[in-house]
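So the structure is just underneath, and the comments pick up after that.
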2 protein chains.
Amino acid sequence: MVTITDIAEALGITPSTVSRALAGNPRVREETRRAVLEAAERMGYERNIMASNLRRGRSDIVGIVVPRINREFFSNLISGAESILGDAGYRAIICQTHEELDSEIQVLHTLSLHRVAGVLFSHCIDATDSSHVLPALGNIPLVQFDRVFSDLPGAKVVGANFEGAYEATTHLILSGYRRIGTLAGYLNIGVYSDRLRGYRKALEDNGIPYDESLVFPDSIFRESGYTACHLALDAGCDALYSAGDFSALGALDALKERGISVPDDFGIVGTANEFFTALTSPSISSVGQRPYDMGREAALAFLERREGVTVIPMELHIRQSSNRNNIWLK
Amino acid sequence: MVTITDIAEALGITPSTVSRALAGNPRVREETRRAVLEAAERMGYERNIMASNLRRGRSDIVGIVVPRINREFFSNLISGAESILGDAGYRAIICQTHEELDSEIQVLHTLSLHRVAGVLFSHCIDATDSSHVLPALGNIPLVQFDRVFSDLPGAKVVGANFEGAYEATTHLILSGYRRIGTLAGYLNIGVYSDRLRGYRKALEDNGIPYDESLVFPDSIFRESGYTACHLALDAGCDALYSAGDFSALGALDALKERGISVPDDFGIVGTANEFFTALTSPSISSVGQRPYDMGREAALAFLERREGVTVIPMELHIRQSSNRNNIWLK
DNA sequence: AGGAGCGGTGCAAACGTTTGTATGATATTT
DNA sequence: AAATATCATACAAACGTTTGCACCGCTCCT
């Protein structure tokens, strides 16, 4: 392996000058700089990242922490973040917490030990408050996305959850559904409480009283969506706004089981715009979160050491599950 | 930050002894070792990974290189690998190539610069031969999985593609389909050529002549599957074994467009057992690859510095798209 | 009794980079 | 002309760990 010392010897100068030349430090003569770059190229020099990291006290790696990577939302978000980080000379190290708090703490701590340059982070469902984050992470720059703790420092990038849920619920109302429940997520998490607020506001703005008995919290998985949908049906619902797509899928399972026709007799809108929502029968309407853009924004927020909250608009994708009487499509 | 020097001073010994004690080196007295561990714990010592990496010339990070992370197969494989690597004290850095050769070379090179402890690797479609790998990667331990170059050193972990395709095709034959084509993948890639061989063998073992005009290569995406299925229909096919699930989905699109009833008049089996295959109407039969196990095996192969090929069995999941006359399910 | 073997520890040199400070040579000011 | 500023480079000390080698004291052998 060729080092800066080798280059220095070859040129009759010292490693420090080589280092500065390579770093683009203005305190080295242009002529010297060119000679160094030429020699480095010719000799096949490649900076020893580990030595550089040790000396500078931090690495060129950014940690991306997500609950799971096999979600359309998170995997696309990661791709978006990678595209920005890569251009800026950073590498991403992707970590899954599998929705487990212990794993989340562990992961943050490991990233901290690796002195990563920053962490892009979406916390797991099990994390009810942020008290574990800073102790595990130390003073490493933090950017939160999607599921954020508002009391933590650093930038936050979130979808327009309130507006998205508002739009989805309004859409159900305009489609003529009258008793609209919601498969709410975990209400201690901001994204889900925002969606619930949006749902509620949409009802109230349309003169429909908000009925807490039609709110089914903690249902974002297929199983819990299935169970909650049965309860919703028993409560007389004829539509559901679901804060997740997997729970919307579970609801569809329940409706099929009961032989209820969707969208004729029951409407559903999910959230996240997972790939599969377009494939089910009926296909599932869903409020999409533009994850790729969120990933890019999160990466930019890190690079620019941004503070404050960036909100990414959401988009309603109307499909069969809410397309009553075919009034929305074709 | 507390260092081994701090611990050494606190105990009146030298950093070298502390280092050896922490590493579990047998050349340090048991009593000393306990004292060091106790002091380390008490003082909140945490090894500086960057210094350790620099000195040892390698890191505790393992690179996992896949074409895309938003595939059920790859994301589950990653989870499997992570579970093993984590227990062994390694961290995974996940890299996507997005099926682009340039990106693949870049990624391997970056991992090499980071002196990762090893690389678990599945190459992209664009890579027609292995000539770029070793130059970019240097002498870092390599484990290939799924899409492997047989001429590269190191362990390989692959699904039983031949057997899987054989089973799927046999299943179609037993279902009474008579003119069975195949949506083959990129035949310069081992997994796909193996699947084609399995398909062919199954036909021949059942007295059906292999007809090259029913082989539609390069179709593993939804679009290419759609196009190829139209061609297959024109060629008189009444069934397709597809080497991918997305192409099977595309085939379903084409069949719906033509109003052909599946599975009554046409049978399909895909490959990979993507989540969505169970959700379409009709649901898509698929040969699954047990990605989680493959990930575990790949990680173990790295840890044990294994050589040679490990084959993971595949499983046929029979769903509606090939369940003619309801003979297989219910 | 003298030397060999061994268990436990210390010494010091790495690993390759970065960076504060010193140095020497010009250029600029008074 | 002397003092001062400016520029480009050199010097050397880090960063914290690991590890070959040296060393010391002890036991065991012949």
Quiz item: CG/B:Leu101 to CG/B:Asp129 distance, rounded to the nearest 0.5 angstrom?
Solution: 8.5 Å
Practice problem: Would you kindly check whether a donor in the side chain of A:Arg27 faces an acceptor in the base of D:dT9, or vice versa, at under 3.5 angstrom? | Solution: yes
Exercise. Starting from the first five and the last five pairs of the helix from C:dA1-D:dT30 to C:dT30-D:dA1, work out the angle between the resulting helix axes, to 10 degrees.
Key: 50°
Exercise. Over all heavy atoms of both residues, which pair between A:Val143 and A:Ala298 is shortest? Give the atoms and the distance, please.
Key: CG1-O, 3.7 Å
Quiz item: Under a 4.0 Å heavy-atom cut-off, which of residues 33-60 of chain B touch DNA chain C?
Solution: B:Leu54, B:Arg55
Practice problem: Could you go through the side-chain contact (heavy atoms from CB on, under 4.5 Å) check for B:Glu72 and A:Asn70 one step at a time? | Solution: CA-CA 6 Å; B:Glu72 210 66 21; A:Asn70 65 345; 3.8 Å; yes
Self-check item: Rounded distance (Å) that lies between atom P of C:dC15 and atom CD1 of A:Ile4
Solution: 13 Å
Quiz prompt | Between CG on residue B:Asp60 and OG on residue B:Ser52, distance to nearest 0.5 Å | solution = 7.5 Å
Quiz prompt | Strand contacts (DNA chain C) in residues 5-18 of chain B, 4.0 angstrom heavy-atom criterion | solution = B:Gly12, B:Ile13, B:Thr14, B:Ser16, B:Thr17
Quiz item: Would you call the rings of A:Phe149 and A:Phe121 parallel, tilted or perpendicular, where under 30° means parallel and over 60° means perpendicular?
Solution: tilted
Quiz item: Heavy atoms, side chains only, cut-off 4.5 Å: are A:Val62 and A:Val116 in contact?
Solution: no
Quiz item: Within a strict 4.5 Å, meaning less than it, do heavy atoms of the B:His114 and B:Asn53 side chains meet?
Solution: no
Quiz item: Quick one: does A:Arg20 reach the base of C:dG20 with a side-chain donor-acceptor pair under 3.5 Å?
Solution: yes
Quiz prompt | Protein-nucleotide distance (B:Leu113, atom CG; C:dC15, atom C1'), rounded to Å | solution = 16 Å
Quiz item: Quick one: are the ring centres of A:Tyr90 and A:Phe302 less than 6.0 Å apart?
Solution: yes
Practice problem: Provide the closest heavy-atom pair for B:Val107 versus B:Cys95 in the form atom of the first, atom of the second, distance. | Solution: CG1-CB, 3.5 Å
Quiz item: Heavy atoms, side chains only, cut-off 4.5 Å: are B:Val65 and B:Phe145 in contact?
Solution: no
